Amino acid sequence: MRTCELFILADRVLGPVEGPLWGQFIEFVGRCIHGGIYDPGSPAARSDGVRADVLEAMKELRPTHLRYPGGCAVSYFDWQELVGPRAQRPPAKLYRYTGVPQSTAFGLPEAFAYAEELGAELYLTVNAHTQSPEDAANLVEYLNGTTRTRWADLRRSHGREKPYGIKRFGLGNEIYGDWQPGQKTAEEYVRWCREAIRWMKAVDPTMSIAAVGMGRPGPDWDRTVLKGLIDSIDLFSVHNYCGRPVFRDCMAASRVYETMIEWANVAIDEAMDTRLSRKERPGIALDEWNVWYRARHAAEASLEEIYDYTDALTVATLLHVVLRHTRTVRLSNISLAANTCGSIFTDRQRCVRQTIFYPQMLFREKHTGEAVQTFYDGPVFPAKHERYFCGIVDVEKAKDETLPTLLHFDDLDALDALCTVDRGRRRLSLSVVNKLEDRALTARLSFRGIEPRSTLVRVYRLTGPSLQAANTLDHPSQVGLVSAWDRVAGSFPFPAASLTLLEFEI
Ligand code: AHR
């Protein structure tokens with residue numbers, strides 16, 4: 001049998017694990033906000049309408065920030081409809097998409113308060129469709145203005161003297177696509193953004209701004225947008241949803257994400273070569289990502305996924321990608337927080353932590369400090385994956401094995417490892433996904449540049465009765481985490497289709 005070895009190269013730092021890497025996305029879509037995190041009719045709601053049980057679960061995820069209010073929803077986000085006394089707010093045209101007027105009760109002040117309770121920042125997307133660059137600047141003035149101006153005074157008249165101090169803004173959402181109300185050409189978008197950035201930064205020059213990128217399939221969009229905005233943006237936003245109905249193919253999704261990040265970095269570098277000023281190189285915002293291939297991307301469907309054990313493994317591998325690339329991926333949001341692709345799932349009375357909740361919670365807690373290089377030597381396997389948004393556009397497509405757009409990989413590492421070293425906490429955390437469906441692997445662990453203090457380790461494992469096991473409202477605890485002390489005597493066993501995190505003292 002082939003030997004299997006994992007090298008941990010502690011001196012080869014990949015990047016810091018800091019900043020807005022642990023974002024949650026709360027959007028006016030499906031039951032994410034209404035009926036999810038906010039549901040005044042629920043017996044589990046507090047007097048302000050916030051679901052206490054959902055908030056508790058969100059607290060366990062410890063998000064660094066919340067992206068709000070969209071997504072596609074942002075194209076009808078008229079910010080003036082979402083501020084001021086709740087009773088006087090009109091029903092918003094916010095999500096005309098659904099054809100249903102939306103409540104405005106969970107508006108900007110409520111989203112801000114929600115984020116504050118979580119110890120998180122608010123990351124706002126602005127409407128690049130029905131609102132003008134000036135509206136975006138007015139919003140910044142309303143939120144952050146310190147002088148006596150019309151919009152800052154409006155905030156004061158709403159009972160808030162202190163500026164909100166919101167520092168992260170995204171300009172529109174997926175506006176290259178025909179599903180996004182207000183689709184624009186790259187040139188039109190650049191024009192809108194240049195104006196908006198100019199006026200927004202005139203009000204508050206300290207903010208960070210993300211522009212819409214497309215990622216792998218849209219080189220022309222990406223080149224045009226980056227060329228036009230390289231001197232004025234801080235982040236270049238890309239989205240991707242993944243998953244296929246075949247286990248091994250799900251395990252290839254992380255490779256697609258690596259490819260997408262590589263591509264975005266090439267595009268950013270190309271634009272940097274033509275830059276006019278010496279502005280810092282923009283980073284990548286992995287603004288929306290998750291497993292999403294079963295539910296239809298159509299208004300009449302609920303866009304809700306019931307995640308299984310396999311999906312939790314996929315999410316773990318995608319988090320590995322984020323953590324491996326923090327030198328360039330500066331912001332990340334899993335999409336979304338509740339119900340629609342939600343890490344948390346609810347009905348009126350109950351709330352359940354879906355399977356994908358657990359790798360997020362575990363990594364947020366244990367992966368701190370710096371990500372360091374690992375090197376794997378052992379079995380590889382073949383698999384394929386769509387390079388970009390697959391099932392959500394056409395569910396049947398996700399099942400098609402013959403699509404020319406499938407990327408084929410022959411050499412996927414059976415063990416996918418991510419290691420962080422936190423010298424302050426004297427901790428080394430090594431998470432490993434065994435991507436083989438039916439073969440356990442025992443790997444020799446070889447440390448370079450660091451030596452654990454003891455062979456005694458704390459071991460965390462994702463558990464579940466089968467690859468298809470899900471946490472449902474009726475069976476909320478099928479998949480979860482267990483932990484125990486164990487010894488690493490040179491090598492360590494990784495069960496088939498598993499997630500294990502080893503916590504060493506250093
Ligand atoms: O989150 C659901 C939708 O998926 C978002 O609105 C959009 O940005 C993406 O296509």
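Model, not experiment: these values are computed from the prediction. The first residue of the sequence shown is numbered 1, and numbering continues consecutively from there. Whatever order the structure lists ligands and atoms in, that order sets their numbers, starting from 1.
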Taking the six-membered ring of Phe409 (Phe, Tyr or Trp), confirm whether the NZ or CZ of Arg248 is under 6.0 Å from its centre and within 45° of its axis.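 Here Arg248 fails the 6.0 Å and 45° test against Phe409.
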
Within the structure, does Thr340 bring an N/O atom to less than 3.5 angstrom of an N/O atom in ligand 1?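 No: no nitrogen or oxygen of Thr340 is under 3.5 Å from one in ligand 1.
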
Geometry only, no angles: is Trp179 polar-contacting ligand 1 at N/O separations under 3.5 Å?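 For ligand 1, there is no N or O atom that lies under 3.5 Å from one belonging to Trp179.
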
Among Ile166, Val203, Leu122, find the residue that satisfies the side-chain contact (heavy atoms from CB on, under 4.5 Å) test when tested with Leu143.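 In the set Ile166, Val203, Leu122, the residue that makes a side-chain contact (heavy atoms from CB on, under 4.5 Å) with Leu143 is Ile166.
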
Quick one: list whatever passes side-chain contact (heavy atoms from CB on, under 4.5 Å) with Arg168, sequence neighbours left out.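 Arg168 satisfies side-chain contact (heavy atoms from CB on, under 4.5 Å) with Pro20, Glu121, Tyr123, Ser208, Leu331 once adjacent residues are dropped.
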
Quick one: list whatever passes side-chain contact (heavy atoms from CB on, under 4.5 Å) with Glu18, sequence neighbours left out.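 Applying side-chain contact (heavy atoms from CB on, under 4.5 Å) to Glu18 gives Pro16.
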
Can Arg294 and Asp311 be counted as an ion pair, charged N to O under 4.0 angstrom?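 Yes, Arg294 and Asp311 are salt-bridged.
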
Got Tyr189 and Leu171 here, is their nearest side-chain heavy-atom distance under 4.5 Å?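 Side-chain contact under 4.5 Å: yes.
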
Which ligand 1 atoms are under 4.0 Å away from a heavy-atom of [X]?
X      : value
Cys72  : 5 (C), 6 (O), 7 (C), 8 (O)
Asn173 : 7 (C), 8 (O)
Gly71  : 5 (C), 6 (O), 8 (O)
Tyr241 : 1 (O), 4 (O)
Trp292 : 2 (C), 4 (O)

Measure Leu303 to ligand 1 on non-hydrogen atoms and call it side chain, backbone, both or neither using the 4.0 Å cut-off.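 Within the 4.0 Å criterion, Leu303 makes no contact with ligand 1.
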
